2 protein chains.
Amino acid sequence: MYSNELVRGTLKTVILQLLSFKDKMYGYELSKEVKEKTEGKIILTEGALYPILHKLEKDGYVTTIFETVGNRKRKYYMLTGKGKSHAKDRKNELLDFMQTMQSLVDPKPSLSSCI
Amino acid sequence: MYSNELVRGTLKTVILQLLSFKDKMYGYELSKEVKEKTEGKIILTEGALYPILHKLEKDGYVTTIFETVGNRKRKYYMLTGKGKSHAKDRKNELLDFMQTMQSLVDPKPSLSSCI
DNA sequence: AACTATACCTAAATTACTTATGCATAAAAA
DNA sequence: TTTTTATGCATAAGTAATTTAGGTATAGTT
């Protein structure tokens, strides 16, 4: 588990990115996916998740539909055109930021991450 | 300029890392260095900087000495042994986190960053 | 004379979260 | 059979790292 300060601020970008990989996703699914894909190192709690999703909808980045799958009601989120564009921007900003941070804390990085 | 959310949470790590590169640094110097090294993309404001430095001192990660250089009083910060160890830990956590984020938002990264 | 740079500091406000709680259904374990 | 775990949604109070805005002082620049 990473310290909260580090994860704070990246969650919206993560959600936007995961939504861009699929046609639609629901909240619980997003929560599970983040946990699985990060091997439990990043936990997207419900208290963070749902307010972010609601804000994305309010800002016009996602639209929603309810679907009932085997007696379970799910609220699916889908990126709008504006949302897809926003997701790309946020991703590019994050990648740029991480490169800047790399050069700042590790001026002479190893090439171990390269094939 | 990156969005505040993104930078928020990384500043303490950045400061610890910059301090680990030199024997001693003072506040204003840290502020200038972050701005220069990131080409203005990360601004370490005084309202963030000084509280962080004071907390680092309180927590025993740095010690301080005052020096007067040409009528200007500077407060120099130096990492303690504990501070050096902490700086390494924070750096490793940040690098680990960034790798996790990379794989999360960019599952098939380009190799453009490799030589 | 006013502005910019150097150099330190603090305090109120913001905000993205954490923690805690609530509701409902279904499957698994005790 | 009763309780825990998993699924699925949601909100609300509290926390803490900042931002924003202010203060003090000296020195060089316009």
Side-chain angles (χ1 to χ4, degrees), chain A residues 1-16 24-36 40-59 61-62 64-77 90 93-94 97 101, chain B residues 1-16 24-36 40-59 61-62 64-77 90 93-94 97 101:
Chain A
M1 274 281 285
Y2 303 115
S3 61
N4 290 330
E5 324 135 57
L6 223 50
V7 180
R8 198 183 204 96
T10 62
L11 294 181
K12 197 184 283 179
T13 302
V14 166
I15 290 172
L16 282 167
K24 57 177 181 179
M25 290 185 83
Y26 58 100
Y28 192 70
E29 187 185 10
L30 281 160
S31 163
K32 289 286 134 189
E33 190 129 322
V34 168
K35 189 179 177 184
E36 277 170 30
K41 288 192 240 179
I42 297 177
I43 299 297
L44 186 52
T45 62
E46 294 167 301
L49 172 64
Y50 290 110
I52 289 174
L53 288 173
H54 298 162
K55 179 133 205 314
L56 289 176
E57 188 177 13
K58 188 189 150 203
D59 292 343
Y61 296 131
V62 297
T64 60
I65 47 161
F66 281 96
E67 269 185 36
T68 303
V69 181
N71 266 347
R72 292 208 176 276
K73 205 175 165 190
R74 292 172 178 171
K75 190 174 178 182
Y76 279 95
Y77 292 82
R90 297 283 293 196
E93 190 202 11
L94 179 67
F97 171 70
M101 287 300 294
Chain B
M1 273 282 284
Y2 303 116
S3 61
N4 290 330
E5 324 134 59
L6 223 49
V7 180
R8 200 185 201 92
T10 63
L11 293 181
K12 196 184 283 179
T13 303
V14 166
I15 290 172
L16 282 167
K24 58 178 180 177
M25 291 185 82
Y26 58 100
Y28 192 70
E29 186 185 11
L30 281 161
S31 163
K32 289 287 135 192
E33 189 129 323
V34 168
K35 190 180 177 184
E36 277 170 30
K41 288 192 241 178
I42 298 176
I43 299 297
L44 185 53
T45 63
E46 294 168 301
L49 172 63
Y50 290 109
I52 289 174
L53 287 174
H54 298 163
K55 179 136 208 310
L56 289 176
E57 187 177 14
K58 189 188 150 205
D59 292 344
Y61 296 130
V62 296
T64 60
I65 47 160
F66 281 97
E67 272 186 32
T68 303
V69 181
N71 266 348
R72 292 210 175 276
K73 206 174 165 191
R74 293 171 179 172
K75 190 172 177 184
Y76 279 96
Y77 291 82
R90 298 283 293 196
E93 191 202 11
L94 179 67
F97 172 69
M101 288 299 294

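Here the structure is a predicted model, which means the values were calculated and not measured. Every chain is numbered from 1 and lettered A, B, ... according to where its sequence line falls, protein lines coming before strand lines.
- A:K12 comes within 4.0 angstrom of no nucleic acid atom, judged by non-hydrogen atoms across all strands.
- A:E29 is linked by a side chain to side chain contact (heavy atoms under 4.5 Å, CB included) to A:K22, A:M25, A:Y26, A:Y76, counting only residues two or more places apart in sequence or in another chain.
- Note on B:Y2: nothing from the nucleic acid sits closer than 4.0 angstrom, heavy atoms only.
- Here B:K41 pairs with A:D96 under the salt bridge (charged side-chain N to carboxylate O under 4.0 Å, His left out) rule; sequence neighbours left out.
- Atoms CD1 and CE, on B:I42 and A:M101 in that order, are 5.5 Å from each other to the nearest 0.5 Å.
- With sequence neighbours excluded, no residue forms a side-chain hydrogen bond (donor to acceptor under 3.5 Å, both in side chains) with B:E46.
- Side-chain contact between B:V62 and B:L53 is absent, with no heavy atoms from C-beta onward closer than 4.5 Å.
- For the ring-ring contact (aromatic ring centres under 6.0 Å, His included) test, residues two or more places apart in sequence or in another chain that qualify with A:F97 are B:Y2.
- Put simply, chain B comes within 4.0 Å of DNA chain C, heavy atom to any atom, from C:dA5 to C:dA16, going 5' to 3'.
- Remark: A:N71, A:R72 in residues 64-73 of chain A come within less than 4.0 Å of DNA chain C through at least one heavy atom.
- Heavy-atom distances under 4.0 Å link DNA chain D to B:T45, B:G47, B:A48, B:I52 of residues 44-53 of chain B, given in residue order.
- Take A:Y77 and apply the ring-ring contact (aromatic ring centres under 6.0 Å, His included) test, not counting sequence neighbours, and it matches no residue.
- Contacts of B:K24 classified as salt bridge (charged side-chain N to carboxylate O under 4.0 Å, His left out), with partners at least two apart in sequence or in another chain: B:E67.
- For the OP1/OP2 pair of D:dT19 and a distance below 4.0 Å, the side-chain nitrogens and oxygens of B:N4 include at least one atom meeting the criterion.
- Separating the NZ atom of A:K32 from the C1' atom of D:dT5 is a distance of 10 Å, rounded to the nearest angstrom.
- Where A:G27 and B:K55 meet DNA chain D, the nucleotide closest to each residue was compared, and A:G27 sits on the side nearer the 5' end.
- Listed by chain and number, the residues in a side chain to side chain contact (heavy atoms under 4.5 Å, CB included) with B:T13 are B:R90, B:L94 (sequence neighbours excluded).
- Listed by chain and residue number, nothing satisfies the ring-ring contact (aromatic ring centres under 6.0 Å, His included) test with B:Y28 (two or more places apart in sequence, or in another chain).
- With sequence neighbours excluded, the residues forming a side-chain hydrogen bond (donor to acceptor under 3.5 Å, both in side chains) with A:D59 are A:K55, listed by chain and number.
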